[in-house]
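Okay, so here's the structure we're looking at.
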Amino acid sequence: MGDNYYTISGGNWILELDFLFCTLLAILIFCLVFFIFYLRIYKNYRSQNKKIYENLFIDFINVYLFSPDFKESQLTEFKNTYLETGLQKAIAIKVILIYNQNFKGESNTALKKLFFLLGLENVVLRDLKNKKWYKRARAVYVLSNLKIKADERIMISLLNDKKVEIRLQTVLYFIKLSEKDPLNFLYKLQEPLTIWQQIHISAALKNYEGEIPDFSQWLTHEQESVVTFSMKMIAEYGQFENIPKVIPFFNSLNDEIKKEAIICLRKLGYEETVDLSIADFSSSSITVKKEILKVIKELGDYKKLMLLLPSVTNDDIEVKTEFLRVEQYFLK
């Protein structure tokens with residue numbers, strides 16, 4: 001009798017626990033469904049609002065730029081009515097940037113003036129110090145495209161920011177806002193120059209209207225990436241006067257720098273590169289040896305190639321393969 005009592009009581013306790021667990025699970029599921037539903041409504045509402053505000057700003061800018069009857073009072077009224085929230089200000093900045101990219105001359109000047117009249121520069125300058133990295137990157141992007149100068153100390157700190165995206169935008173900022181010496185910021189660079197940054201710098205320089213700098217001034221930079229990039233640019237812009245400054249890097253203990261020096265002189269068509277390379281072939285790394293063989297192919301001849309045969313015989317398969325390719329090139 002007693003045993004049956006405890007069995008039933010234990011069973012009730014388990015049933016109560018199961019019921020409680022199911023109830024909690026149902027509440028959690030309900031809350032999750034409610035949250036998803038609310039989030040979707042909120043996103044739709046925000047998206048609709050963004051579209052409404054975009055159209056309002058587009059209409060306002062069209063009137064501001066093209067209507068001869070535009071009055072200052074309209075600007076004040078618009079600012080007080082439609083530039084109260086962070087969302088509204090962000091959309092206004094976006095629309096001004098779009099217009100700025102599609103117009104030139106006086107219209108750009110007017111758009112920049114409007115940017116200041118609406119007080120939007122305060123938003124951007126404040127975002128330069130924001131803890132969220134994407135806001136800092138966006139702020140630099142805006143300043144760069146509207147060609148608005150900010151405190152140099154802040155920009156230098158962003159140039160060496162931990163986030164590579166911010167560093168890239170800051171690099172472009174310095175180039176776009178430079179009236180002379182577009183790469184002067186390299187002296188303040190303490191972080192490596194990424195390949196992606198190098199590509200963007202090269203592209204930005206092609207659109208730069210001022211004088212292209214002498215890249216040899218950064219051959220002694222503490223960052224290896226800046227040194228190799230400078231050599232690439234010396235070759236790209238045909239700065240033949242810098243050949244004597246590149247030659248010493250043949251003796252560099254850094255393979256990447258040594259390789260880039262060889263490539264640079266090869267692209268500049270410096271024929272002495274062949275003899276310099278051959279003399280250093282046996283003690284070079286595999287990567288450098290392959291570049292030396294390319295030099296001989298472009299600037300040397302079959303006799304020069306054969307001088308390397310004793311060294312190549314016992315060399316790595318990659319070097320042997322490259323040697324055979326060059327040999328076939330001369331014998332065809």
Side-chain angles (χ1 to χ4, degrees), residues 168 171 175 182-183 186 189 191-206 208 212-309 311-312 315-330:
L168 172 59
V171 162
I175 295 174
L183 302 184
L186 289 175
L189 188 68
E191 295 290 328
L193 201 59
T194 67
I195 294 296
W196 193 236
Q197 288 171 336
Q198 293 178 36
I199 291 170
H200 276 275
I201 292 173
S202 180
L205 286 175
K206 289 175 182 175
Y208 182 69
I212 296 299
D214 178 353
F215 292 99
S216 68
Q217 61 189 299
W218 296 293
L219 290 176
T220 55
H221 199 283
E222 62 180 13
Q223 290 291 337
E224 170 198 316
S225 55
V226 176
V227 176
T228 55
F229 174 70
S230 298
M231 291 183 189
K232 290 175 184 176
M233 293 297 99
I234 286 171
E236 184 170 332
Y237 285 93
Q239 295 183 348
F240 298 96
E241 67 278 10
N242 288 326
I243 288 176
K245 296 178 182 179
V246 176
I247 291 173
F249 290 98
F250 268 75
N251 300 318
S252 175
L253 298 177
N254 185 310
D255 266 2
E256 198 60 36
I257 291 177
K258 188 174 183 176
K259 183 188 81 170
E260 203 56 55
I262 293 171
I263 294 172
C264 175
L265 295 179
R266 170 170 62 81
K267 288 183 175 179
L268 290 173
Y270 183 59
E271 294 182 356
E272 296 299 319
T273 310
V274 176
D275 291 330
L276 288 169
S277 301
I278 290 173
D280 200 41
F281 185 83
S282 59
S283 61
S284 297
S285 67
I286 293 171
T287 304
V288 173
K289 284 178 178 178
K290 289 165 71 176
E291 288 302 329
I292 290 173
L293 288 167
K294 289 179 184 178
V295 167
I296 294 174
K297 178 183 176 182
E298 289 190 25
L299 303 176
D301 53 37
Y302 184 72
K303 288 182 180 180
K304 296 287 186 182
L305 179 67
M306 287 299 104
L307 293 174
L308 301 180
L309 186 58
S311 299
V312 172
D315 220 320
D316 185 87
I317 185 65
E318 287 185 53
V319 178
K320 288 180 180 177
T321 302
E322 188 63 34
F323 180 89
L324 290 172
R325 284 176 183 164
V326 178
E327 184 180 30
Q328 289 174 359
Y329 170 79
F330 283 122

Is the shortest distance from a Lys or Arg side-chain nitrogen in Lys258 or Glu291 to a carboxylate oxygen in the other one below 4.0 Å? no
On a heavy-atom basis, the closest approach of Ser277 and Val295 is OG-CG1, 4.4 Å
So, does Ser202 use its side chain to make a donor-acceptor pair with the main chain of Ile199 at under 3.5 Å? no
Distance from Tyr329 atom OH to Ile296 atom CD1, nearest 0.5 Å? 13.0 Å
I'd like to check Lys294 versus Glu322 (side-chain heavy atoms, cut-off strictly below 4.5 Å). Are they in contact? yes
Please say whether more than 12 non-hydrogen atoms of neighbouring residues, nucleotides or ligands are located less than 6.0 Å from NZ in Lys232. yes
Drop me the distance from Glu318's CD to Thr287's OG1, to the nearest 0.5 angstrom. 7.5 Å
Taking the side chain as every heavy atom from C-beta outward, state whether Ile175 and His200 have any pair of such atoms under 4.5 Å apart. no
For Phe215, the ring-ring contact (aromatic ring centres under 6.0 Å, His included) test, sequence neighbours excluded, returns Tyr237
Just wondering, do Asp280 and Val288 contact through their side chains at under 4.5 Å, heavy atoms? no
Can you establish whether the number of heavy atoms outside Glu271 located under 6.0 Å from its atom CD is more than 12? no
Under 4.5 Å between any side-chain heavy atoms of Glu241 and Ser216, yes or no? no
Just verifying a value: how many Å separate Ile286 CD1 and Lys290 NZ, rounded to the nearest 0.5 Å? 8.0 Å
Distance, nearest 0.5 Å, that separates CG of Asn242 from CG of Asp214: 4.5 Å
Hey, are the side chains of Lys206 and Glu236 touching, using non-hydrogen atoms and a 4.5 Å cut-off? yes
Suppose we screen for side chain to side chain donor-acceptor pair (under 3.5 Å). Which residues come up paired with Asn254, at least two apart in sequence or across chains? Glu224
For side chain to side chain contact (heavy atoms under 4.5 Å, CB included), just list the numbers for Gln223 and Leu193, CA-CA rounded to whole Å, side-chain angles, deciding distance to a tenth of an Å, and then say yes or no. CA-CA 8 Å; Gln223 290 291 337; Leu193 201 59; over 6 Å; no
Would you check if there is a donor-acceptor pair between the side chains of Asp255 and Ser285 at a distance under 3.5 Å? yes
Would you check, one step at a time, whether the test side chain to side chain contact (heavy atoms under 4.5 Å, CB included) holds for Leu268 with Val246? CA-CA 11 Å; Leu268 290 173; Val246 176; 5.8 Å; no
Drop me the distance from Leu265's CG to Ile243's CD1, to the nearest 0.5 angstrom. 6.0 Å
Roughly how far, to the nearest 0.5 Å, is CZ of Phe330 from CE of Met306? 9.0 Å
Which residue pairs satisfy the ring-ring contact (aromatic ring centres under 6.0 Å, His included) criterion with at least one member in residues 245-287, sequence neighbours excluded? none
Go through it in stages, so that I can follow the logic: the residues are Met231 and Ile257, the test is side chain to side chain contact (heavy atoms under 4.5 Å, CB included), and I'd like the CA-CA distance, side-chain angles, deciding distance and then a yes or no. CA-CA 9 Å; Met231 291 183 189; Ile257 291 177; 3.8 Å; yes
Over all atoms of both residues, closest heavy-atom pair of Ile212 and Leu205: CD1-O, 3.9 Å
Less than 4.5 Å apart, any side-chain heavy atom of Ile278 and any of Lys304? yes
Which heavy atom of Gly300 sits nearest a heavy atom of Val274, and at what distance? N-CG2, 3.8 Å
Heavy atoms of Ala235 and Lys267 approach each other most closely as CB-CB, 4.0 Å
Student check: side-chain heavy atoms of Leu305 and Leu293 closer than 4.5 Å: yes
